[in-house]
Amino acid sequence: MDTGSREIEVNLTVNGKKVTVTCPANTRLLDLLRDYLHLTGTKEGCGIGECGACTVIMDGKAVNSCLVLAGSADGSEIITIEGMEKDGKLHPIQEAFVRNNAIQCGFCTPGMVMSAKALLDANPDPTEEEIKIGISGNLCRCTGYKQIVDAIKEAAEVLRRRTA
Ligand code: FES
Ligand code: FES
């Protein structure tokens, strides 16, 4: 029996908006976001949970959306890179990436930013080691990581100042 072609209904809150999608049961969360909701900021690199390009935040935790079946995300709250901007302004993490030249080709950037957000939401004052662990599931073939770690450090400071 081909269970993958069975259609299911998935209800999610994505970037603050409630959505209902009908899709085959074997649809990944990554495909639901990109193909059904046209949120193409989330990237597919490896498709097997190794590169982190597909990272989104699901119920407060960074997940590889290529490894999550859309059906198992039913009822969840998802934040993607498109949900980071507010009132036409980049999120402080995105601004810090720009300021620190933490972007070259940019393919890893959405996933990096989402991992950084999950880290800073849980731990607003991380050590350099904690930042490295926080993005250890995200591969970048361009920057050498230093600028990314510097950007996350700077973003943490900016966010702490805002809430002080
Ligand atoms: S595309 Fe999901 S981890 Fe690489
Ligand atoms: S900026 Fe190119 S992969 Fe990270």
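As the structure lists them, so they are numbered: ligands from 1, and atoms in each ligand from 1.
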- Task: Run the numbers for me: atoms of ligand 1, each under 4.0 Å from some heavy atom of Cys66, listed by number.
- Result: 1 (S), 2 (Fe), 3 (S)
- Salt bridge or not for Glu157 and Lys153, using N-O below 4.0 Å? no
- Query: Which atoms of ligand 2 sit under 4.0 Å from any heavy atom of Cys140?
  - Reply: 1 (S), 3 (S), 4 (Fe)
- Backbone or side-chain N/O/S of Cys54 under 2.8 Å of atom 2 (Fe) of ligand 1: yes
- Item | Option from Leu32, Leu69, Thr20 for which side-chain contact (heavy atoms from CB on, under 4.5 Å) with Val10 holds | Leu32
- Atom indices of ligand 2, in the order listed, that fall short of 4.0 Å to a heavy atom of Gly106: 1 (S), 2 (Fe)
- Gly49 neighbourhood, listing ligand 1 atoms whose heavy-atom distance to it stays under 4.0 Å: 3 (S)
- Show which atoms of ligand 1 fall inside a sub-4.0 Å distance from at least one heavy-atom site of Glu50. 3 (S)
- Without swapping roles, check the side chain of Lys43 against the backbone of Thr40 for a donor-acceptor pair under 3.5 Å. yes
- Salt bridge or not for Glu44 and Arg34, using N-O below 4.0 Å? no
- Task: Output yes if Cys51 passes the N/O/S-under-2.8 Å test against atom 2 (Fe) of ligand 1; output no otherwise.
- Result: no
- Query: Which atoms of ligand 1 sit under 4.0 Å from any heavy atom of Cys46?
  - Reply: 1 (S), 3 (S), 4 (Fe)
- Task: Could you list which atoms of ligand 1 come closer than 4.0 Å to a heavy atom of Gly47?
- Result: 1 (S), 4 (Fe)
- Item | Evaluation steps, side-chain hydrogen bond (donor to acceptor under 3.5 Å, both in side chains), between Glu129 and Thr127 | CA-CA 5 Å; Glu129 201 47 38; Thr127 62; over 6 Å; no
- Query: Ignoring hydrogens and geometry, is there a side-chain-to-backbone donor-acceptor pair from Asp59 to Ser76 under 3.5 Å?
  - Reply: no
- Query: Taking atom CG of Asp35 and atom CZ of Arg28, what is their separation to the nearest 0.5 Å?
  - Reply: 8.5 Å
- Query: What atoms of ligand 2 come closer than 4.0 angstrom to any heavy atom of Arg141?
  - Reply: 3 (S)
- Query: Mind checking whether atom 2 (Fe) of ligand 2 has an N, O or S of Cys108 under 2.8 Å?
  - Reply: no
- Query: Counting each atom of ligand 2 from 1 as listed, which ones have a heavy atom of Cys142 under 4.0 Å away?
  - Reply: 1 (S), 2 (Fe), 3 (S)
- Task: Determine, using the 4.5 Å side-chain heavy-atom cutoff (strictly less than), whether Ile57 and Ile135 are members of one ILVMFWY cluster.
- Result: yes
